[in-house]
Amino acid sequence: MSERYNIKETEAKWRKVWTDKKSFEVTEDPSKPKSYVLAMLPYPSGRIHVGHVRNYSLSDVVARYKKAKGFNVLNPMGWDALGLPAENAAMERKTHPKDWTYENIAQMKAQLLSMGLAIDWSREVATCDPSYYKHEQKMFIDFYKQGLAYRKESMVNWDPVEDTVLANEQVVDGKGWRSGAPVERRKLYQWFFKITEFADELIKGLEGLDRWPDKVRTMQHNWIGKSQGAEFSFDVVGNDEKIKVYTTRPDTLFGASFVGLAADHPLAQKLAGDKKGYDDFIKTCQSTGTSEEAIEKAEKIGFDTGHKVAHPFIKGKELPIYLANFILMDYGTGAIFGCPAHDQRDFEFATKYNLDIIPVVQSPDNDPLPYVGDGQLFNSEFLNGLNKEDGIKAAIKKLEELGIGKSVTNFRLRDWGVSRQRYWGCPVPFIHCDTCGLIPVPEDQLPVELPYDINYDKPGNPLDRHPTWKNVDCPECGKAAQRETDTCDTFFESSWYFLRYLDPENKQTGFANEKSNYWMPVDQYIGGVEHAVLHLLYSRFFMRALKKCGYEVPDEPFAGLFTQGMVTHQVFKDKDDKWISPAEIEQRDGKWVKSSDGSPVKAGAVTKMSKSKKNVVDPQDIIDTYGADAARLFILSDSPPDRDLEWTESGIEGAWRFVNKLHRTVIDSIADMPAVDTPKPASFSDKAMELRRAAHQTIVGVADDIDAFHMNKAVARIRELSNTLSGFKPQDDGEKWALREGYEALIRLFNPMMPHLAEELWSQLGHKTILAETSWPAHEEDLLEADTITIGVQVNGKMRASITLPAKASKEEAEKIALSEKNVQKALDGQTIKKVIVVPGRIVNVVAG
RNA sequence: GCGGGUGUGGUGGAAUUGGUAGACGCGCCAGACUCAAAAUCUGGUGUCCGCAAGGACGUGUCGGUUCAAGUCCGACCACCCGCACCA
């Protein structure tokens, strides 16, 4: 009987071996194909969560697998260390964002190390380090010089009590999360990156990303939201003002019954500022959140300015001008014409304010209004009889002839607002001088470092009220000037970090071009689907922007992308209807009760892990109890990686049992195996051949599954082969040899998932090499085909029997065997056979009647 | 509101992309070992009828195409996620 597997000691032993041998540290090697495997870098919150374990288990499988397949694999790790949570923690716990962050990094690094990841830690970066953000300050200035960074006024959520800008997530039910005061919308001067300059290129680039999930490409496509339409101006009746509108449906212009302006449209104040109720209306609009969701969901309200515009096509017709809360100043021109008969929102608005609803498009199926589909135009003078497409063209042509409009391409994509009025971010490297204006910080004065001595006693931005930090001499004229106190959105850091890994020693100039040329683009990027748009789009924008500034980078940063699903867990409530952690409960007689006092517990839905619902599992507890291999295995089993994974106690226990069982059966089987490197026998028994086929088919199957990210299927195959091997009792030398061959293959196949156990067993089997430096097992082509197969036989499409026949049997043979089967005869019951369909290797279907 | 996704046994999920639905795992049931328990091992396990052989039903719902549909087409239903200052 073998000794029990000592997981803790063994796992630590092998991690030390990998570290000592620097197994995962790499350099550029042009003689080998490279593979840059990258997991999204974590935010250092303090503890790793199960989502991290899933992410890094996946990237580790890919990294180890690719390495075994002969690739020069780079798999780095770093810390997305700037951001809001550090400041919240600092305020709550009277600590400093920097101290809090670095403590968290130390803790989380220890946790990640315990997972046994094949990471090149020599390249580790933390984005809060001035040696990191120095480079982005340089980039920021480069962007500015190329016209890719600029300042303009923009709307923010403003907390009037805290005197600060609020993130959308800090707005709860329209109120500041801390102060509880109703949130206002305010305009502020802010920095923007001109992502819209590349809108078209970013759409076109999506076509080439064939190793990205379709859904992410679709989401980005829709996010950029290219639309073709017309822009034209209405004359305001009674004064010289013009209102420029954007529309994708100029063909419905004869159905227009009003013109709508965004509440913050430049003309709004002028047209309606003196009217009764205007201030209240603006206030109501400002109390709505700034998120698109909040605006779209809010009840559609309007304000009649009392002014009118002239219809450009219909002489003498005038349309009322309304302010409306559903019109976005950021999209199009911030003004629309409303055609209630053919637009859902306009329809609701017109119904509410009793405006005309004039149908001009005939629905072929007489659909009810509003009808947004294609159809023949009517009530539309020169457009009558045309369809939508031709109508749009004709309407634009007319607008052009009248000299009031033109065809335009519009994007939903807005420029990226990067200003944050917070401390724990990369300082925007600019100086405001009363004489010289806005001046970039000279390169030799970079980085602009964050001051350490700050306080959170007062509301607002700590940089803004710091006694000395913002005082600086103007680099141009030398007079007293002030630093920009805005910091950057933390998406800035994550937009280029994968370049920073490529040249870790070079702290001065960022990334060297030769090195980035070797490693870029990232071959396999892995992370949460929640980044489908922002982070992944910003990174794509960055490559193009950097290129424009002369940096040598590819257009597309990530050649392959995989987005993993969330990790979920069941939620529970105690007898007082309060959320209760799964760690505090247990099952007794099939019912959930609180462990401490046996009181009843209600089981709820399976949802995303969240602290507030207390359904969070700490992976460190799991690793400490079951070991890293079991944790990794569980998370890779069962659920396909792109779908949500439900965390269950029984699941992790099952994985742990398998780890132990593998260890036990391999150790117990050593006695049945020949010594390591025993030459292959000349011949094998049928039983041995069957075993060898199973092993070789599994080698190919697991590789295919990993290539396709079907880790759950790869694990299932490994378990199948393990079951086959553990039930095999060898009788002769050939069978013994086949058993060793099978186990050695098995160990190499599960090495990417359970690397500690694999190394241990590999060494127990007598190998002096380590698996981290051992190749993927080779397969023999002629062992991939079975010699007999079993296929089904249908009669009139219903399964009636299954037959076993040689794999190479002809159609005729298959038909003959099928028809002679007694259940087939019975099902035929003397009917005439009309047709027999034979799909070789698949099925026989007898059609009779 | 807009956009995206998912739906198969008690349960997580397989199904070579139109060809034996339920691989593999979890759970459950029975048995072996044990004074007992744990661990481990063996067998069973979609539902209904049947002692069995076997039969009927079965992939969210309804309809269609096909020799053959979880897979293709049409219409619905339910749930989940994202929406630009969370990372």
Side-chain angles (χ1 to χ4, degrees), chain A residues 4 40-43 45 80 82-85 88 156-157 165-171 190 214-216 218-219 221-223 225 290-298 300 326 330 344-345 348 412-422 489-491 494 528-535 537-538 565-566 568 605 607-608 634 637-640 642-646 648-651 653-655 657-658 660-661 664 701 704 710 712-713 715-720 723 790-803 823 826 834-837 839 841-848:
Chain A
R4 203 181 158 85
M40 289 182 182
L41 85 176
Y43 179 81
S45 58
D80 190 13
L82 291 166
L84 197 51
N88 293 337
V156 294
N157 297 310
V165 177
L166 294 178
N168 281 337
E169 72 156 16
Q170 296 173 316
V171 180
Q190 310 232 63
D214 286 341
K215 76 171 171 190
V216 174
T218 308
M219 282 168 89
H221 198 273
N222 293 338
W223 188 265
T290 56
S291 78
E292 189 166 314
E293 180 195 12
I295 291 164
E296 289 283 320
K297 264 195 185 157
K300 287 169 189 45
F326 63 92
D330 292 320
Q344 182 65 43
R345 287 188 300 195
E348 284 172 39
R412 202 185 78 99
L413 183 70
R414 312 201 288 261
D415 277 339
W416 174 12
V418 292
S419 280
R420 299 291 181 268
Q421 293 70 38
R422 304 185 203 293
D489 180 4
T490 58
F491 275 115
S494 54
V529 71
E530 64 272 22
H531 297 287
V533 177
L534 295 184
H535 160 57
L537 188 62
Y538 291 154
M566 292 183 307
T568 62
T607 63
K608 182 174 180 172
F634 166 61
S637 314
D638 295 354
S639 286
D642 53 344
R643 264 199 246 171
D644 287 355
L645 164 76
E646 186 190 347
T648 61
E649 277 300 307
S650 52
E653 276 171 19
R657 275 204 298 272
F658 186 55
N660 285 295
K661 183 177 156 182
R664 194 170 54 241
D704 288 348
H710 296 158
N712 55 325
K713 285 156 70 179
V715 171
R717 277 185 210 275
I718 285 164
R719 295 187 105 116
E720 241 176 324
N723 291 343
T790 303
I791 65 169
V793 183
Q794 300 180 330
V795 175
N796 289 330
K798 293 214 172 220
M799 280 324 292
R800 293 299 172 186
S802 64
I803 55 173
N823 282 332
K826 198 176 134 194
K834 289 179 181 162
K835 196 164 137 192
V836 179
I837 293 154
V839 183
R842 295 269 188 276
I843 205 158
V844 178
N845 189 6
V846 184
V847 186

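A, B, ... follow the sequence lines: proteins, then strands. Residue 1 opens every chain.
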Expressed as a whole number of angstroms, how long is the span from [X]:[atom1] to [N]:[atom2]?
{"X": "A:D489", "N": "B:rC86", "atom1": "CG", "atom2": "P", "result": "8 Å"}
{"X": "A:D644", "N": "B:rG4", "atom1": "CG", "atom2": "P", "result": "19 Å"}
{"X": "A:Y43", "N": "B:rC86", "atom1": "OH", "atom2": "C1'", "result": "10 Å"}
{"X": "A:W223", "N": "B:rC81", "atom1": "CH2", "atom2": "C1'", "result": "14 Å"}
{"X": "A:E720", "N": "B:rU16", "atom1": "CD", "atom2": "C1'", "result": "14 Å"}
{"X": "A:H710", "N": "B:rA15", "atom1": "NE2", "atom2": "P", "result": "7 Å"}
{"X": "A:K300", "N": "B:rG1", "atom1": "NZ", "atom2": "P", "result": "9 Å"}
{"X": "A:K713", "N": "B:rG22", "atom1": "NZ", "atom2": "P", "result": "16 Å"}

Looking only at atom [atom1], what distance separates [N] and [M], rounded to whole Å?
{"N": "B:rG50", "M": "B:rG55", "atom1": "C1'", "answer": "9 Å"}
{"N": "B:rG70", "M": "B:rU20", "atom1": "P", "answer": "10 Å"}
{"N": "B:rA15", "M": "B:rU59", "atom1": "C1'", "answer": "11 Å"}
{"N": "B:rG10", "M": "B:rG27", "atom1": "C1'", "answer": "7 Å"}
{"N": "B:rC86", "M": "B:rU71", "atom1": "C1'", "answer": "39 Å"}
{"N": "B:rA38", "M": "B:rU45", "atom1": "P", "answer": "24 Å"}
{"N": "B:rA75", "M": "B:rA68", "atom1": "P", "answer": "24 Å"}
{"N": "B:rA36", "M": "B:rG46", "atom1": "C1'", "answer": "36 Å"}

By nearest atom, which of the nucleotides [options] is closest to the [X] side chain?
{"X": "A:H531", "options": "B:rA87, B:rG5, B:rC26", "value": "B:rA87"}
{"X": "A:V156", "options": "B:rC86, B:rC24, B:rC85", "value": "B:rC85"}
{"X": "A:I843", "options": "B:rG19, B:rG3, B:rG5", "value": "B:rG19"}
{"X": "A:N157", "options": "B:rC85, B:rA87, B:rC80", "value": "B:rC85"}
{"X": "A:R800", "options": "B:rG13, B:rG55, B:rA87", "value": "B:rG55"}
{"X": "A:K798", "options": "B:rC41, B:rC57, B:rG7", "value": "B:rC57"}
{"X": "A:N712", "options": "B:rG13, B:rC67, B:rG54", "value": "B:rG13"}
{"X": "A:N823", "options": "B:rC41, B:rG54, B:rU6", "value": "B:rG54"}
{"X": "A:L534", "options": "B:rC85, B:rG25, B:rA87", "value": "B:rA87"}
{"X": "A:R842", "options": "B:rU16, B:rG13, B:rA87", "value": "B:rU16"}

Pair of N/O donor and acceptor under 3.5 Å linking [N] base with [X] side chain:
{"X": "A:E530", "N": "B:rC83", "answer": "no"}
{"X": "A:R717", "N": "B:rC24", "answer": "no"}
{"X": "A:D638", "N": "B:rG12", "answer": "yes"}

Taking only side-chain nitrogens and oxygens of [X], does any of them come within less than 4.0 Å of OP1 or OP2 of [N]?
{"X": "A:N723", "N": "B:rG25", "answer": "yes"}
{"X": "A:N222", "N": "B:rC2", "answer": "no"}
{"X": "A:R412", "N": "B:rG3", "answer": "no"}
{"X": "A:T490", "N": "B:rA87", "answer": "yes"}
{"X": "A:R719", "N": "B:rA23", "answer": "no"}
{"X": "A:R420", "N": "B:rC85", "answer": "yes"}
{"X": "A:R643", "N": "B:rG12", "answer": "no"}

Looking across every strand, which nucleic acid part, if any, lies under 4.0 Å from [X] by heavy atom: base, sugar-phosphate, or nothing?
{"X": "A:D80", "result": "sugar-phosphate"}
{"X": "A:K826", "result": "sugar-phosphate"}
{"X": "A:P42", "result": "nothing"}
{"X": "A:S419", "result": "base"}
{"X": "A:G651", "result": "nothing"}
{"X": "A:E653", "result": "nothing"}

Starting at the 5' end of RNA chain B and moving along, which residue's nearest nucleotide shows up first, A:V846 or A:F491?
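The residue closer to the strand's 5' end, by nearest nucleotide, is A:V846.
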Using the closest heavy atom to pick a nucleotide of RNA chain B for each, name whichever of A:L84 or A:V533 lands nearer the 5' end.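 By nearest-heavy-atom nucleotide position, the 5'-most residue is A:V533.
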message: My understanding is that only residues two or more places apart in sequence, or in another chain, count here; which of them pass side chain to side chain donor-acceptor pair (under 3.5 Å) with A:R800?
response: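 Residues passing side chain to side chain donor-acceptor pair (under 3.5 Å) with A:R800: none at all.
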So which atom in [X] and which in [Y] form the shortest heavy-atom distance, rounded to 0.1 Å?
{"X": "A:T490", "Y": "A:L82", "value": "CG2-O, 3.2 Å"}
{"X": "A:N712", "Y": "A:S639", "value": "CB-O, 3.8 Å"}
{"X": "A:R422", "Y": "A:V165", "value": "NH1-O, 3.6 Å"}

- Query: Are A:I791 and A:V839 side-chain neighbours, meaning at least one heavy-atom pair lies under 4.5 Å?
  - Reply: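 Contact flag for A:I791/A:V839 side chains = no.
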Among residues at least two apart in sequence or on other chains, which ones pass side chain to side chain contact (heavy atoms under 4.5 Å, CB included) with A:R412?
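Residues passing side chain to side chain contact (heavy atoms under 4.5 Å, CB included) with A:R412: A:W223, A:E292, A:Y331.
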Going by purine N1 to pyrimidine N3 plus the second Watson-Crick contact, or the G-U wobble pair, all under 3.5 Å, which nucleotide sits opposite [N]?
{"N": "B:rC79", "value": "B:rG5"}
{"N": "B:rA56", "value": "B:rU47"}
{"N": "B:rG19", "value": "B:rC67"}
{"N": "B:rU40", "value": "B:rA32"}
{"N": "B:rG12", "value": "B:rC24"}

State the syn/anti category of B:rG9 according to its glycosidic angle, syn meaning within 90° of 0.
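Glycosidic conformation of B:rG9: syn.
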Exercise. Check the angle between the aromatic planes of A:F491 and A:H535 and answer parallel, tilted or perpendicular using the 30° and 60° thresholds.
Key: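 A:F491 and A:H535: parallel rings.
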Q.
Donor-acceptor pair, distance only, cut-off 3.5 Å: does the side chain of A:N796 make one with the backbone of A:A848?
A.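 Yes.
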Donor-acceptor check, side chain of A:N845 to backbone of A:G797, threshold 3.5 angstrom: yes or no?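 Between the backbone of A:G797 and the side chain of A:N845 there is a qualifying donor-acceptor contact (under 3.5 Å).
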>> Please report the interatomic distance NZ(A:K713) to OG(A:S637), rounded to the nearest 0.5 Å.
In response: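 If I round to the nearest 0.5 Å, the distance is 14.5 Å.
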